[in-house]
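These notes concern the structure reproduced below.
All heavy atoms count here, side chains included; hydrogens, waters and symmetry mates do not. Letters go in sequence order (proteins before strands), and every chain restarts at 1.
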2 protein chains.
Amino acid sequence: MSGAARPPATASRRTPGSPRRPAARSADEAYQELREAIHQGELMPNERLIEVELAARLQVSRAVVRTVLVRLGQDGLVVSTPNRGAHVRLVTEEEAVEILQARAVLEALTARQAALNATAREITAIRRILDRMTQKLEQDDLPGYSEGNADLHAAIIAAARHETAARMIAGLRAQLVRFQYRTILVPGRPAQSLGEHTAVVAAITNRDPDAAEAAMRRHLGHVESTLANTATAVRRRSGPSDGIRTA
Amino acid sequence: MSGAARPPATASRRTPGSPRRPAARSADEAYQELREAIHQGELMPNERLIEVELAARLQVSRAVVRTVLVRLGQDGLVVSTPNRGAHVRLVTEEEAVEILQARAVLEALTARQAALNATAREITAIRRILDRMTQKLEQDDLPGYSEGNADLHAAIIAAARHETAARMIAGLRAQLVRFQYRTILVPGRPAQSLGEHTAVVAAITNRDPDAAEAAMRRHLGHVESTLANTATAVRRRSGPSDGIRTA
DNA sequence: GTCTCCTAGATTATCAACAATCCTGTTGAC
DNA sequence: GTCAACAGGATTGTTGATAATCTAGGAGAC
């Protein structure tokens with residue numbers, strides 16, 4: 001029973017002459033590529049998305065650009081007004097907080113389900129990821145830590161066996177890419193983050209769903225308040241560093 | 001935003017030969033109408049949706065049918081496989097439980113936010129809805145009670161001022177229509193339901209976000225387990241009437 | 001009798017052209 | 001100098017036709 005029908009990247013046998021921006025032939029590839037472009041920041045928020053330009057860029061016809069834009073609109077990455085075209089959606093700080101709140105309760109649900117449903121093998125894998133994160137942090141390898149962070153959350157979600165929550169979390173995450181690297185830069189935040197993750201993993205290992213859910217909520221609640229603080233600090237323009245020091 | 005805007009059957013000035021299904025002119029109306037048709041059960045689960053048929057039924061061109069199907073696919077109401085068309089998605093009992101779990105944590109979030117953000121006026125309105133539900137239940141008016149139930153949840157969501165959660169809840173709800181009238185028929189369930197709602201409203205009135213969240217979770221958790229029980233009862237084929245009689 | 005291959009019909013996917021709408025810069029009046 | 005009306009260009013919305021793909025049913029071989 002398909003959760004979301006994601007036939008991944010059909011085979012494209014083309015001339016091998018396209019070097020850098022090879023473009024996507026099929027509709028689904030075009031969707032993935034445009035999504036990625038928004039993630040990477042190649043398309044700025046509020047930037048107008050003109051169908052013919054995208055058609056040229058993605059090497060597809062205008063019709064498939066149109067369906068791709070509809071899908072992205074339903075994803076919340078793009079907002080399109082009738083007769084006036086599509087813009088990439090600007091996510092305000094307030095919306096980012098909302099999205100994180102929603103993500104928090106949903107990921108807490110997956111943590112609960114993971115505590116209930118994870119196989120022994122999956123728990124081992126989760127613990128190994130946490131160990132790796134600990135090492136990265138000791139080496140002050142923040143990018144490595146961040147990557148481990150993503151892996152850990154993904155592993156927990158996979159272990160939860162909750163297609164609905166997984167799909168929604170993925171959707172929320174896609175809208176948040178512009179903010180995701182901020183909180184980790186707040187002084188003291190990584191160490192705190194590691195402690196929170198450790199609590200989540202411990203609860204899952206102990207098969208304690210309530211504790212797992214609570215620990216995950218605590219974790220993402222802290223991410224949220226950290227983000228909110230940096231946001232107001234930035235908005236207040238009272239110097240970028242005084243509001244976000246301690247943590 | 002998809003939670004609002006229900007322009008009910010706009011004026012269609014056509015030949016007066018079509019008595020029942022007047023059809024929708026614009027793309028958005030077609031979307032609403034097809035969505036409604038799936039809700040009403042006019043289109044059976046797993047039924048194949050053929051573009052030309054829908055185009056004739058909705059009185060729009062095939063292109064807009066296509067975009068409508070894409071949107072419904074992103075909503076999870078329809079699953080479409082490449083080159084093989086779209087089917088209305090069959091929601092299994094297990095999926096229904098998943099959806100209810102996700103909805104539970106999200107509505108709990110809105111209850112929390114409502115406790116924090118609701119205006120005095122909104123709280124008054126919420127209390128009034130609860131009073132009306134109490135009356136309906138005393139009169140054994142189950143449809144009326146059910147309607148009040150929907151109104152109450154909607155009022156709480158509105159008072160929460162949380163667009164993201166509101167949108168996701170609306171999406172989840174759309175997938176659940178086939179199951180929504182079941183739980184209210186379980187004996188003793190309405191009285192229990194009213195008590196749970198009363199607790200939620202009391203917590204919001206007291207501006208106690210933790211209590212509001214917990215009460216809403218308890219409420220939807222009970223709905224979930226009730227649904228799971230009736231589901232297994234139905235699946236067990238132990239008679240269709242013994243599990244859901246009295247009320 | 002059963003299986004495989006193949007043809008025909010049906011359906012989806014894509015494309016190019018046309019119509020409707022909106023945005024921009026300019027002209028003219030006051 | 002400012003504002004309103006207007007024309008030109010650009011962009012989106014829609015249509016119909018065409019190509020690619022899938023499903024169903026029958027012919028032929030073993």
**Request:** Go along nucleotides 11-19 of chain D 5' to 3' and tag each nucleotide: B for a protein heavy atom under 4.0 Å from its base, S when only backbone or sugar atoms are that close, - otherwise.
**Result:** SBBBB----
**Complete:** Sorted by chain and number, sequence neighbours left out, side chain to side chain donor-acceptor pair (under 3.5 Å) with A/Arg62 holds for A/Glu51
**Request:** Could you name each residue pair satisfying salt bridge (charged side-chain N to carboxylate O under 4.0 Å, His left out) that touches residues 143-158 of chain A, not counting sequence neighbours?
**Result:** A/Arg132-A/Asp151
**Asked** What residue pairs, at least two apart or across chains, pass salt bridge (charged side-chain N to carboxylate O under 4.0 Å, His left out) with a residue in residues 75-84 of chain B?
**Response** B/Arg35-B/Asp75
**Message:** Going by side chain to side chain donor-acceptor pair (under 3.5 Å), name the residues that satisfy it together with B/Arg71, two or more places apart in sequence or in a different chain.
**Reply:** B/Asp28
**Prompt:** Who pairs with B/Thr119 by side chain to side chain donor-acceptor pair (under 3.5 Å), at least two apart in sequence or on another chain?
**Reply:** B/Glu122
